[in-house]
Structure formats: C-alpha cells, structure tokens
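In what follows, every chain begins at residue 1, and chains take the letters A, B, ... in the order their sequences are listed. All figures in this text were calculated on a predicted structure; none of them were measured in a lab.
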2 protein chains.
Amino acid sequence: MNPTHLTGPVLVLGSGLLGASIGLGLRAHGIDVVLSDPSPSAQAVAVDIGAGRALRIAEDLEPELVVVAAPPDVSASVVAHALETYACAVVVDIASIKVAIATELAAIVGAKSELLTRYVGTHPMAGRERSGPVAARSELFNSMPWVLCASDQSSHHAVKVAHSLAIDLGAVVFRFTPEEHDAAVALVSHLPQVMSSLVASRLQETPAHALSLAGNGLRDVTRIAASDPTLWVQILGANAPRLLEILHGVQTDLDRLITTLSAPTAPGARLDLAQLMAEGNAGQSRIPGKHGGPATSYSWLTVLVDDKPGQIAKLLTEIGDIGVNVEDLRLDHSAGVAVGMVELSVLPSKRTALVEDLTDRGWKVVL
Amino acid sequence: MNPTHLTGPVLVLGSGLLGASIGLGLRAHGIDVVLSDPSPSAQAVAVDIGAGRALRIAEDLEPELVVVAAPPDVSASVVAHALETYACAVVVDIASIKVAIATELAAIVGAKSELLTRYVGTHPMAGRERSGPVAARSELFNSMPWVLCASDQSSHHAVKVAHSLAIDLGAVVFRFTPEEHDAAVALVSHLPQVMSSLVASRLQETPAHALSLAGNGLRDVTRIAASDPTLWVQILGANAPRLLEILHGVQTDLDRLITTLSAPTAPGARLDLAQLMAEGNAGQSRIPGKHGGPATSYSWLTVLVDDKPGQIAKLLTEIGDIGVNVEDLRLDHSAGVAVGMVELSVLPSKRTALVEDLTDRGWKVVL
C-alpha cells in the first residue's frame, strides 16, 4: 500500500461512476472513505463494491476533504451545503465545467465568502461510456489529466489537499483558471462532441447500402456521437458562452464552404476549398501526440493480419522481439471479409528497419 | 500464384499510389502490366518497384483492360482518349467521384456514344495518408470495398472485366449507380472530411496549454483533417451538389444549436440540446460494425498496460489463450505518463468471462 498525501477521512457526496471510483481508489490506499448519495440504492451498491462506508448513526464526521461528485446542475448547491456543514473540511467538486459552478456558488454563499477559501473546483478528465457505481474502477484516473481550478479565494491549504486527491489517485495535475478551463474544454471536448453529433445526425435517414461503404474516417468522426445526452445537456448548457464563440467561427467557415460549393467552378472556388483543407491541416498538426509529445513524432505502418485469435498478439510479440515499442495501434475496419489491417505508429528512426524485419518474417506490410 | 480472371495485358495510365499498387497486385499474379505516366520520373519509379513495364518502342499494344489512374480532374479526358486509342479494350477509371466524370465523358465522346459500352466507372476505397508510387503496395486493395458504377451503356463484358480487376486484387465488390455512389460517399466520406477540417481549423489560434487537455475525442474527430488538400479540392468540387444537400442539413442543425446556446436557460433549450444529442446517438448507431456486421454486436472493455515493448502482445497472447477473438482494439492516449489503456471489443457473450479471466491473471481491467 503506497503512502498517500491525504490522511482522511474523505466524504464523497455522490456515488456514480466517478464518485465510486474515487472511493475505490482511496480505499485501495486504506483511507477512510464515507459515501453519501441521494439514491439509497446507488449508495448501497457503492458500499457493496468497497468504495467506502455509509455514515454511522449519530457519527460526528470531521472530514479532511469532501468530494462533491454530483451532476453539474446541482454541484454548486451541494458544495455550498458541504462548506456550511463541515467547518474544517476542504471541499472540491469534479464537474466538467467550472465557471458556471463558481458563479452559482458565489451567489449562494453571498456575504459568507470566507467559506470559499476552503473550496477548489476540479475536473478529472476520465470517465467511460458506461455510468453508475457498477462501472466504477479504482484505476479510472490513473495517468489521466486532473485539472485544478483554484480561485483567488482558494487557500494554499485547500489547493494542496485538492492536489493530494489527484496524485493519490494517480492522475496528472494541470493548473488552470476556471475561465481557462472552460475555454479549453469548449475547444478540445465540447466542440468535437457537438460536431460529431451533427455528422452522425445526418446518418439517420440514409439508406443502409450507403452506410456499407463507411470506413474509419466516418467511424472516427462519429465515435463520440454515442455519448450520453442527459449529462451533455448540462455540460453544453453550462458552457454555452465559451462554446458559442467557437461555434460562430465554425458557422462562418461552414457558410463560406456552402457558398463556395454552390458555385464550384466560379473563380477562386478552388482556392477557397484548398484554404479550408489547409486550415484543417494546420490545426490538426497542433494536437500534442501521445504522452504530450509532439504530434509529429511518430510514423505509421500498416500490417495485414488474419482476423483470428492470436494473430495480432503474434505480430506484436515479434515486434517486441525486434525491440521496437508500439506507440499507438488501431485496427482498420473492412466490410464483408475477415482480414484485419493493424495500423502501428513507432518512432520514425525505427520504422524502416521494422518494415524490413517484419517483411523478412513473412508479414504483409501495406504501408 | 493464384489463377486470375484477367488475362492481360493491362495498361495502367497513371503511376501514383493507386496506379502503381494496381500494377504491383496484377504483376504478383503474373499478368503483363504496361505503365504510362505523364511524369517520366514517376513512371520510372513505378517500373523500378516492379509495378509493370514501359511501352516498347513501336509496340502495337492491344490491352484487355485500360485502368485510368489519373487525378479526378483529368480522368474523363484520359478515359475518352483510351477508348479511342484501344478499340477492343475495356476502360475503367478509379476516381473517387463518378457522376461528374460520366457527364464530362459523355460530353467529350458526343455522338460516338458507342464508345461508352466499353467503359465502367469504378472506385476502389483504399489509399493511405502517403502518396506516390514509392508508397505503392500490392495488398493495398485487399479486403477493401471496390465500387463498380456501370452505366446503362456499359456492356456485360465491360462490367465483367471491371469486376475481374477488383477481385483479382482481393477487393470486395459493391454495385452502385454513379448517382448512388456519389450520394453515398458524400455522406460517409466527404461530409466527415469537411467537418473534421472545420473542427481542426478552430485549433489554429488556440493556446498550447488548452491543447494539452486534448483526449481521444478530439483526436478521433480531427484525424482525417490531415488529408491532402490538392486531391480533396478536386473531390469536393466534383461532388458539390450531393455534398451541398447534406451540408444544408448540417447548417440548419448548427444554426438551431447556436440559437439554443444563445439562450441556454430559455424554455425548451434543454429539450433542444437533448434532441441534438439523441439524433447523434441514433445516426451513430446505424454505422455497420467491422466486417459489415451490426454496429451493436460488440462490447468493450479497457485494460491498463505498462507502455513498454511486449506488454500489449502479452495481453493479447493471454486473450488468445483464453480463446477470445479481439474484434477491435485501440490505445487510449494519456498526457505526461507512460501507461497505456488498451480498449478491446469482443462478442458480448465472451465479455464477462474474459473480464474475470484477465482479472484472475492479474490484469487491471478498467471497464
């Protein structure tokens, strides 16, 4: 059991996927975790899976930290109540938008603004397609970003305790202001979400035979369109001002594109299309690569494998034997047949030798 | 060497990635392939890599098939010239748009419409990020869709020869009308391309620290924004009418979303957002799964692995031992640390047992 920075007890308000996962992660370090959820059944499940214990009858709990793991909509009021109830505790929330909660919280506490010295807004950027305590895992935050959004009022102690929570759960800590955070997630999370949904929405009425030509391009762009509407309604609503600013830019570009495509042979039309594509190239190239490394630091190759158990394992075992580390890997989909294409990214310096070695070993390297 | 349906000789006009790959694939079957490219250097490279031979001095070539592997812009004129020059040959093009080429071709041949009995428009849906003959591979089309777009004039013989080309190269043949094809690719290929570019375009001006929070959602949505502008200008321009229709729908939805986000607390705003997300869910769920199977036929789990050589191989080897086939696989990116999350999809019936077996074997199954 590793030494922890938190000493506990930690009170977790809300025992959904994130709350229960935080409980499991802290329990794995032996920290005393008390769970509370408005839904008795959700709380019971979280307790059953070992995410923490229920509050004892007449127990006078003095938590070191209160983690508000409630839906974005109610986070501010739950935080305010916790700050009132536990006079010595640091209180953090983990909602994925921060400005709206800070504003609502300030309005609730009003004149008692000294309460806010013990509050830090945070955002662990984890979470999976599934929800609820049953999906909880103690490693959910391992190696994932956890953003701390301290306010001017947040005390050093409060920030230190919030920081301890993140690193005790194995997360990578980032420091943003609430405004920086909301602007960043509007761009890297909320924009792709709505655009993916807009693309997927077009597929509702289309004949199935058209979809039979779907490739990885469409699959990649629409993957997150499967996300949960209930949660996203709250996120998009709360971050509307930041997202709107970005969407106005998209709207301008889209209108420009539609105008261009309406007269594709007009002078300058091709230049406009080339410009749109080039701007996409430029923006895409700025996305950091795996482990925050430069986006351009890996090169790709594709290997053909039979789609049966053990084939990909055999390939990767041989690549391991060759001594090359696979930086990223994905399967290429193909309609109608059972052959897989494995796309691998490796350090550019390793690529040529790897292609030769794999070819010598009888693998079909497509690119 | 497998028996082939084509007998040859096959003349390939254009020795870029696709033309050279077609040459390599047919040469692998021992078919006589003659290569011609307006760029002597590109032709020389293609010949050097064994994609075919150059036309002999004073050779009177009578090809069974002429494959026009030229850019979309010039495909129609090259097809027309080939139909005139080789009176007995079937001629196919492989451009990724079909209506514009058919229209332009009909205009060029004019009264000599009997020429068109020997023409079939086709679209092999392969090709990689890299281009040029150096990137060519004989397996490029293996297991990928190859769409045949016969016109009313196309003879049975011409269609049969085009079909032979596709299956000799290991492709999966689809039959569409040119209109069906262009409508389908506008939706499954051209729409995601422009939307991905529009999202990536927003990243040009953003501060780097915001991009440090980029996750798989943004990476997936913007991956194809790295595509080649030169080619896409021709594709988007040629398929403008079909793409426009779809983009008008996107424009309406985007305008609706912007209106809603401009007054996020207005009555009905939340319903509008929920509707947008739900429509995305509905459309995304219609995309066929791997091998054309139903989209819903696999369930996912995520396993934590150390990011060092052999770890993923070890995991997949053990999954093979357990006897479960991995249907799809991808690595989860994480900023700043060297731990990988491997997302696996398997048949739902296998999932529970697999999670238990892997956990017993000491793997950390996150979800």
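Atom CE in M277(A) sits 8.5 Å away from atom CG in L231(B) (nearest 0.5 Å). Between the CG atom in L244(B) and the CG atom in L261(A) there is a gap of 5.0 Å [rounded to 0.5 Å]. Atom CE in M195(A) sits 9.0 Å away from atom OG in S196(B) (nearest 0.5 Å).
Only the side chain of L257(B) comes within contact range of chain A, with heavy atoms under 4.5 Å apart. Residue contact with chain B, scored on non-hydrogen atoms closer than 4.5 Å, involves the side chain of L243(A) exclusively. Contact of T206(B) with chain A is made through backbone and side chain together, with heavy-atom distances under 4.5 Å. Of the two parts of S21(B), neither the backbone nor the side chain holds a non-hydrogen atom closer than 4.5 Å to a non-hydrogen atom of chain A. When heavy atoms are compared at a cutoff of 4.5 Å, L213(A) approaches chain B by way of both its backbone and its side chain.
Ranked by heavy-atom pairs under 4.5 Å with chain A, the first of T317(B), L315(B), I224(B), D253(B) is D253(B). When each of K314(B), Q204(B), H248(B) is scored by its heavy-atom pairs under 4.5 Å with chain A, the top score falls to Q204(B). Among the candidates P241(B), S138(B), S227(B), the residue making the largest number of heavy-atom pairs closer than 4.5 Å to chain A is S227(B).
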Determine, step by step, whether F176(B) and H209(A) satisfy the ring pair (Phe, Tyr, Trp, His ring centres under 6.0 Å) criterion, reporting the C-alpha distance in whole Å, the side-chain angles of both residues, the deciding distance to 0.1 Å, and the verdict. CA-CA 9 Å; F176(B) 283 59; H209(A) 76 281; 5.1 Å; yes
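Look at R219(A) and D220(B) and you find no salt bridge, because none of the NZ, NE, NH1 or NH2 atoms lies under 4.0 Å from a carboxylate O.
The shortest side-chain heavy-atom distance between L198(B) and L276(A) falls under the 4.5 Å cut-off. Residues Q234(A) and R270(B) have side chains in contact (heavy-atom distance under 4.5 Å, counting atoms from C-beta outward). Taking 4.5 Å as the limit, some side-chain heavy atom of P229(B) sits within range of a side-chain heavy atom of N281(A).
Partner R202(A) forms a side-chain contact (heavy atoms from CB on, under 4.5 Å) with one of V188(B), L247(B), L191(B) and no other, that one being L191(B).
The two residues L218(A) and P192(B) make their nearest non-hydrogen contact at CD1-CG, 3.8 Å.
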